[in-house]
Every structure is written in C-alpha cells, then in structure tokens.
Amino acid sequence: MDDNTNTNKASGFWGGLLKRGSVTAKTKVGLKSDIACHIGAQYIDHVLYLQAKFDPRKSKDVAPRPRRPKPETSAMARPRDGDERARRRRVTRFTDDNDADTEAEGQRSPLTPLTEWPPSGMSPQQELARGQAIALIARGAPSHKGYKRAVPHVSQEFYALYAASSGNKDDQTDRANLHDTMVQLMTFRMAGPGDITSPWSTLEQPSCAYQYGARPGTITLNHWASMASEFPESIALRDSGITPRPLTLEQVFERLGEMQTEREDLDEGTLYRTLYKRVLRDPDRILNPRKSLEKQITDLIMALSRPDWIDFTDPKNQVVTRFIFDPFPEDHNKYLAFFHQLLLSMELNVRIHNKQHSDYAKDKLLQQIPPTIRWNLALARRWSDYIRVDNYGPTVDDIKLRFKLKKRQVKMLRKFASSLKWPNLGETLEALKHSEDELASNAVSSDAYAFFSGLVLPGPTFPFIIMNTLIDTDPDEATDELALLSHVHPNCGFQYRNSYTYWTTTCIVGKVLAPTCQALAGWVGPACPTADLGRSQIARIRARKPKQVMQREDVESMGERSDPLGPPSEIYPVEEYLLVTPEANLGAPPDTARVELLTLREVRVLDAKQPPPGPKLFDATIQFAVNGVSWPLRLAYDVSFVNAWPCSDGPHPLFFDYIYKKIPAEETLAVRDWGGLYKKTGSMRSARSTPLPMLHGGHSINGGFSADGIQQEDSEEVLVVEAFGVPDHEVLVRAWCAHWGLSAMVADVGKTCMACAIRECYAAALTVLILVDDTSNHRDE
C-alpha cells in the first residue's frame, strides 16, 4: 500500500485520519452506502464491512396515529359550543429569529401571575402584535422542538430522533438528577469528562442521561421521542487482517501500569516508539515510519476490528467483569484476551484524546468511529478513571487491583438498601460493615465486582448490577432464589421475604406503582407484596406493545403543533385564548381510591414437562377499592408516562384549538377506548373490560356517567385527569392507562400549569394528561 499520498502532506488530527473518504461498502443484503468515515480512505474499504440488520420487533404494520389536518381544514377549527370563530390561517412561519426580534418587547411583560382572562384593563376584542402576545401569553411557557439525525455508516432509513425543550426561566427540567437517582454509571459522554448537554453526545442510544423523568416511574419527553428512532440492530466490521503483537499477561499489565502515570501531551515520536515496539508492528518502519497520530489511530482501529475480540455492543457481553471474575486455570487465555483488547483500546483512547487535537476534531471522529470501537473506548475510559494496577506477574494470582470508587460505592449501596427499606436491612448493613474491604476487593460475584470497581458499561446493566450486589451482600439464604435477575429480561421484579416487592422502572408494574414507592437506580420499591409469588421469587411480567406510538412525523412537527400562541399570524386576538386551571381543592384532599391487591397470574407454558429456563412469566392485575367498590385493572400494555416540563410565570393562557376534557380520577373508569384504538379493529375484547360496578341506589361508580358517557370528540382531544389527593389516585389512572394501552403525560400543577401540560401532550402526540399536586399527596408512612 502506497503511503506517499497527499496524506503525508497533512498535519494534525485532520491530516490523513480525518479526511472524508469516498469509498463505499456493500452490506450483506446487497445495499450500498457511502460510509463517509474520517479514518483514511486508503484503509476503509478493507476495515469496515457494514451490516445493518432490521429489528423484527419494530413492526412496520403498526397503525399510525391519525395526522392532524392542516390548520385551514382542521376538524378542530370548526366552531364549538356556539363559538363562531374559525381557526386562523397561517400567515407567517414561526422561526427563532421572529422570537429574537420581539424579545426586548416581551421583557416588558408584568410578572404578576394571571388570575383572569382577559387581564384587567384589556378588552376581549383587543388584538395583540406578536411581541405583545409573546410577552403576555408565552412568557415562561416552554416550547418543544424535535430533531432527526442521521445514523453514521447506514442508509437513510435509519435515523435518531430527539426532542429539546426551552423557555422557562428556572434551571429546572423534566429530567431526574443523575446523582440523586444513582444512575451516573448508566451514561457515558464520548467527548470526555464534562456535563452532558445533549442526548446525542452519549455512547448509549437512546441516552440514559435523558431517560428518567423527575417523577418516579416517568421518562422525559426526549426519551419518549427517541423511542421512535430507527437504529440498525448491529453494524459489523470486516476482518482487517491486522494482528497485534502477541503479549503475555505480565507484558499487558506492565503497559497498563505505565499508562496510569503517563502525561496526556506526549509527542508523536514517544507514542510511536511505545506503540510499535511493544503492541503493534510497523510494516513501513524503514522507508516511511508511521509516526503521525492519524496513522497510529488508524492502525489501532484496524487491530480492534478483528472478529475474535469481544463485541461489547451485544447486551449479553455488557457485564464485562464476567470475563475476568474468579477465572479458572483453563480460562487463562480468555482472561488474557480481555486485557489485551483493553490495552489496545486504552492506546487508542490516549491518542484520540491527545491535547494537540481540538475538541471539534475529536467530536467528529468519535461520531464516525463504528459502534464496536466506541464501546471499546468506553471500557478503556472506565478502566483508566476508576481502576489502578498495584501489582502484576505472569499468573492471574499475581494481579492486584485497586478500586478508586470503593468507598463511594459502599456508601451508595448503603443508601440504596436503606431507601428501598430492604427487608433484611440490619443484617445486610452489618455484613457490609464487617466485610467492607473483602466485599469490595474480593467480590462474591461478577456483578459485585463490577459495582465496587466501577467497571460498568453504560446502558441498562447498572440497575441489575447494583441490585445483584445488594442480594449477594445479604447473608440470608433466601436470596439464592433471586440469583437469576438479569438485564436480558428487563421487565421483571421480585418478592423478598413476603415483605415487599421490587420492580424495575422499565417494567409496567413498576411504572404504575411508582407514585407510592421510591424510584432509585432503575428500581421501584418497596411495593405491596403479592400472594401469587413465593416467599422469595422473581417474576417476569408479560405486557403487549401499545398501539399508540409516536411517529417520526410527530417528532419533526412537534414545535408547530404545540406553539403557545397557536399557528403563527400577524395578529393574535385576545378572545382566542382561555385561562385554564384545575379544580380548586377546598378542605381535605380527595381520598376515593385505594390500591387493594397486586395479582399475578402465571402464563401457561406450551410444554409443562420442559418449561423454558429462567424466571416464570406472569400477567399483572391491580385491584382498587373505589368508593367502596372493587375494580380490577389488568396491566396489559407496556405504556410509558412522560414527565411534563416545568414552566415559570404561570398560569399561561391556552389557545382555543388545544381542546381537552377534564374529569376527576375515579371517573376514568367510565372512559372506554379513549383514542379509538379498538374501534378501528371492530373489537374491544383485547381490553378485557368488565361492566361498570354499581353503587347502592343503582348509580354507577362515577356518579351518573354511563359506560359510553365520556367519549373523545376529536382524535387529538386530551383527557385531563385530576389525580389529586393520595398517591393511589395517580396509581389508579396509570393502571387505567396500562389497561387500555394509552401512554400519558404526568404534570405536577405546582411546577407546570395546566395549559403548558396540555400543549406538551400535543407535542408528544399523547391524548391523556394526569394532573397531580405534590403538596396534597400525603403518602402513608
């Protein structure tokens, strides 16, 4: 291969390595795509062999959500309730520049919260200019915008979707604090240490930094939008044919130890000598040595592209300590191969993050590097950040490691157990206290090893790692029944000692029961026990994928569908807005519903003589007592609950075309097939509904509504449910959503006004809004 090309004339990070190539690669399905990698055109065609696999779980025949008609012809523009106003036609298109032009005028808005509409001294017939409308109506109201980004190396049918919100003055967002919820290790910023300011800047996609909502059991608007992304199942690499130098275990750890103290600004010559004398071979060392950093990086990427390395993009391989924990003598080669791969990854990481490279250049390269290599870099960074080599030798027994995170992780485990009211808390904390050094240095399992060392890859493994560590620390022999918890089956939970149940935040039982529990490190608990499980037993929960899903078009158009002012116009009549507020709660908060029972029904297996391995599968039902009448709701669908973005300077007026219907929590039981998901199929049997229970005197449970008395009048009408009072009211509404397959927005009226929450429902293409008030929610202690 001729190296005497233009790449020799280039200098710096973009010299040869980051030059955009024009080479195309064929996939196994016969498709061609311009991979446009920044890792050297002279190497790319025999390094990358892209294979985009379709995910069979993402069915293409899912019934799309009916699109909202254009404003001129919208069914919602027709006069309602004697109102003869038609919806305004669009005159200008909203842009960020329009807002910037009127920002100064908008700042003259009074800060006094609105108590009536129109405000005192303003006529209903008055018409506002755009700046006046922004100042009076949209000040402090969040706006939402969707984004679509291409996935590198694959065709345009794959894409990533995101949502961003802004507009409120406070620093509050809809996200949970990563530190407070103990999920820091679930996310990884590719560009290096620092704040994660965008969801596309993390290795794991969708980003776990933007996954958990501030309310228990909820997700963020961005995560809800990202769930509609189309990612390839895998992107495989062609064997480069580059073989690194064979190394012994002692040589590998000698180099790992040296890298702990090396400076980050080493020159190219020093890095060249280290790499090609000890780790790789330089075929051009005599005529044209590969001293430039771009060539060193390219060679390391090629060396890591061999198929015999561990593929950390595979979820089964993402608990990495299983490859190195307590190895047998016959596992020596596997143990050595893991650390050899780690060494190559660390050498690559050092060169990419060399200080002579600009942040922009590093970011562009990291975006274009294939996923398999990026996950290797994540492993290298976690090792360099949290682990130190104290001693090494020719055998595994000679290896002595020190965990920098040990003390922090021990404190985290104590807080985790205490917050979740672990049934055997006293003995567990005592065992952790007396065996702290032994547990942290010589962990009893690969999961405990990963937890105490911090060698945790981003993504969904961490909740299971911390829970399995707690289970392994508990001296009770009953924990042996909980040994099969795994991130491979995320929709699960377990009962321990007949005291409490615990559920993952991805499991529908955990999502529904979360308002009555703590949400920590990806777990919800302590929740009510169930008689359908053994004293200590794991349960996997079966739930269908909901029919109501967000589409790419919903994400891309969310900004114009949820604008606080409505469609852009030259004038904004005051009469087209309304001040909406929830019903005032006078006196004691309502207390009409209580959770009675959690029922689990085992799913029958096809062959009872040969049941499938692993925990058993169950269908979940929650039974409520509503005004003294029992009401079971089956958690049939794996729906999501989106935490509303907070607003400031509220309440805000609502544009008349954002239509809604408001009811109290107990009246949701009279609402059937909201959204018309079952009318389209001509059957409501899949909902497994039961007749409305009757109270004494012959009245229905909702005080007069018949079974079909609460109907959706428009395909985008939002059902606003006031779930004030005890947390069981919110659980009731969430269970109703899971029963019917309707995802919902959840808003605390102390942080988000009703108008902003309704608009965010339109942004998220949701038709159910759950209003709660944390000041009136008094949990039973």
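Since we're looking at a predicted model, the values are computed, not measured. Basis for what follows: all heavy atoms, side chains included, without hydrogens, waters or symmetry-related copies.
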**Q.** His144 side chain to Gly559 backbone, donor-acceptor under 3.5 Å
**A.** no

Q: Would you mind reporting whether Glu760 and Ser562 have side-chain heavy atoms less than 4.5 Å apart?
A: no

(Q) Keeping His652 on the side-chain end and Arg139 on the backbone end, is there a donor-acceptor pair under 3.5 Å? (A) yes

Q. With side chains defined as the heavy atoms from C-beta onward, is the minimum distance between Met227 and Ile219 less than 4.5 Å?
A. yes

Q: Would you indicate whether the side-chain heavy atoms of Asp311 and Thr372 approach each other to under 4.5 Å?
A: yes

Q) Would you say Trp645 and Thr173 make side-chain contact, with heavy atoms under 4.5 Å? A) yes

Q.
Please identify which of these residues, Val512, Ile622, Leu633, meets the side-chain contact (heavy atoms from CB on, under 4.5 Å) condition with Arg734.
A. Val512

**Q.** Main-chain N/O of Pro206 paired to His223 side chain as donor or acceptor, under 3.5 Å
**A.** no

Q.
Regarding Glu204 and Thr187, do their side chains bring together a donor and an acceptor under 3.5 Å, going by distance alone?
A. yes

Q. Do Pro458 and Trp375 have side-chain heavy atoms sitting under 4.5 Å apart?
A. yes

Q. What's the shortest heavy-atom distance between Trp224 and Ala764, and which atoms?
A. NE1-O, 2.9 Å

Q: First locate atom NZ of Lys661, then atom CG of Leu719, and finally report the distance between them rounded to the nearest 0.5 Å.
A: 8.5 Å

**Q.** Donor-acceptor contact present, side-chain Ser743 to main-chain Ser640, <3.5 Å
**A.** yes

Q. Does Thr504 reach the main-chain N or O of Cys507 with its side chain, forming a donor-acceptor pair under 3.5 Å?
A. yes

Q. Out of curiosity, Gln184 CD to Ile196 CD1, how far, rounded to the nearest 0.5 Å?
A. 10.5 Å

Q: For residues Trp736 and Val671, report the shortest heavy-atom separation together with the two atoms involved.
A: NE1-O, 3.1 Å

Q) Quick one: are Pro564 and Arg759 in side-chain contact, heavy atoms under 4.5 Å? A) yes

Q | Gap separating the CD1 atom of Ile659 from the CG atom of Asp714, nearest 0.5 angstrom | A | 4.0 Å

Q. After noting the C-alpha distance and the side-chain angles of Val768 and Trp674, does the key distance pass the side-chain contact (heavy atoms from CB on, under 4.5 Å) rule?
A. CA-CA 9 Å; Val768 178; Trp674 185 267; 4.2 Å; yes

Q: Could you check if a side-chain atom of Tyr637 sits within less than 4.5 angstrom of a side-chain atom of Arg544, using non-hydrogen atoms only?
A: yes

(Q) How long is the straight-line distance from CG of Asn168 back to CG of Asp174, given to the nearest 0.5 Å? (A) 9.5 Å

(Q) Show the nearest heavy-atom pair for residues Val718 and Leu766, with the distance to one decimal. (A) CG2-O, 4.0 Å

Q: Would you please classify the geometry between the Tyr577 ring and the Phe655 ring as parallel, tilted or perpendicular, with 30° and 60° separating the classes?
A: tilted

Q: Say whether, by atom type as modelled, one donor and one acceptor occur between the side chain of Gln205 and the main chain of Pro199 under 3.5 angstrom.
A: yes

Q.
Please check this pair: side chain of Asp563 against backbone of Glu560, looking for a donor-acceptor N/O pair closer than 3.5 Å.
A. no

Q. Just by modelled atom types, is the Thr581 backbone N or O under 3.5 Å from a matching donor or acceptor in the Lys662 side chain?
A. yes

**Q.** Verdict with supporting geometry, Leu221 and Ser165, side-chain contact (heavy atoms from CB on, under 4.5 Å)
**A.** CA-CA 8 Å; Leu221 177 63; Ser165 302; 3.8 Å; yes

Q. Do you know which two heavy atoms are closest between Thr313 and Gln318, and how far apart they sit?
A. O-NE2, 3.5 Å

Q: Assess the pair Phe464 and Trp523: is the distance between their ring centroids shorter than 6.0 Å?
A: yes

Q: State, with a plain yes or no, whether a side-chain heavy atom of Leu161 is found less than 4.5 Å away from one of Arg552.
A: yes

Q. Checking side-chain contact (heavy atoms from CB on, under 4.5 Å) for the pair Phe462/Cys208: CA distance, chi angles, key distance, verdict?
A. CA-CA 11 Å; Phe462 179 75; Cys208 290; over 6 Å; no

(Q) Walk me through whether Arg189 and Asp195 qualify under salt bridge (charged side-chain N to carboxylate O under 4.0 Å, His left out). (A) CA-CA 8 Å; Arg189 184 175 182 265; Asp195 294 333; over 6 Å; no

**Q.** Nearest-0.5 Å distance that lies between atom CZ in Arg561 and atom OH in Tyr762
**A.** 10.5 Å

Q: Would you confirm whether Arg175, through its side chain, and Tyr210, through its main-chain N or O, come within 3.5 Å as a donor-acceptor pair?
A: no

(Q) How close do Ile758 and Tyr658 get, counting heavy atoms only, and between which atoms? (A) CG2-CB, 4.2 Å

Q. So which heavy atom on Val509 is nearest to which on Ala620, and how close?
A. CG2-CB, 3.7 Å

Q: Dump the intermediate steps for side-chain contact (heavy atoms from CB on, under 4.5 Å) on Trp200 and Ser207, then the final yes or no.
A: CA-CA 7 Å; Trp200 49 81; Ser207 174; over 6 Å; no

Q) Looking at Phe641, is Arg215 sitting on its ring face, NZ or CZ under 6.0 Å from the six-membered ring centre and within 45 degrees of the normal? A) no

Q: Report the distance from atom NE2 of His729 to atom CD of Glu722, rounding to the nearest 0.5 Å.
A: 12.0 Å

Q) With distance as the sole test, does Glu717 use its side chain to make a donor-acceptor pair with the main-chain N or O of Gln712 at under 3.5 Å? A) no

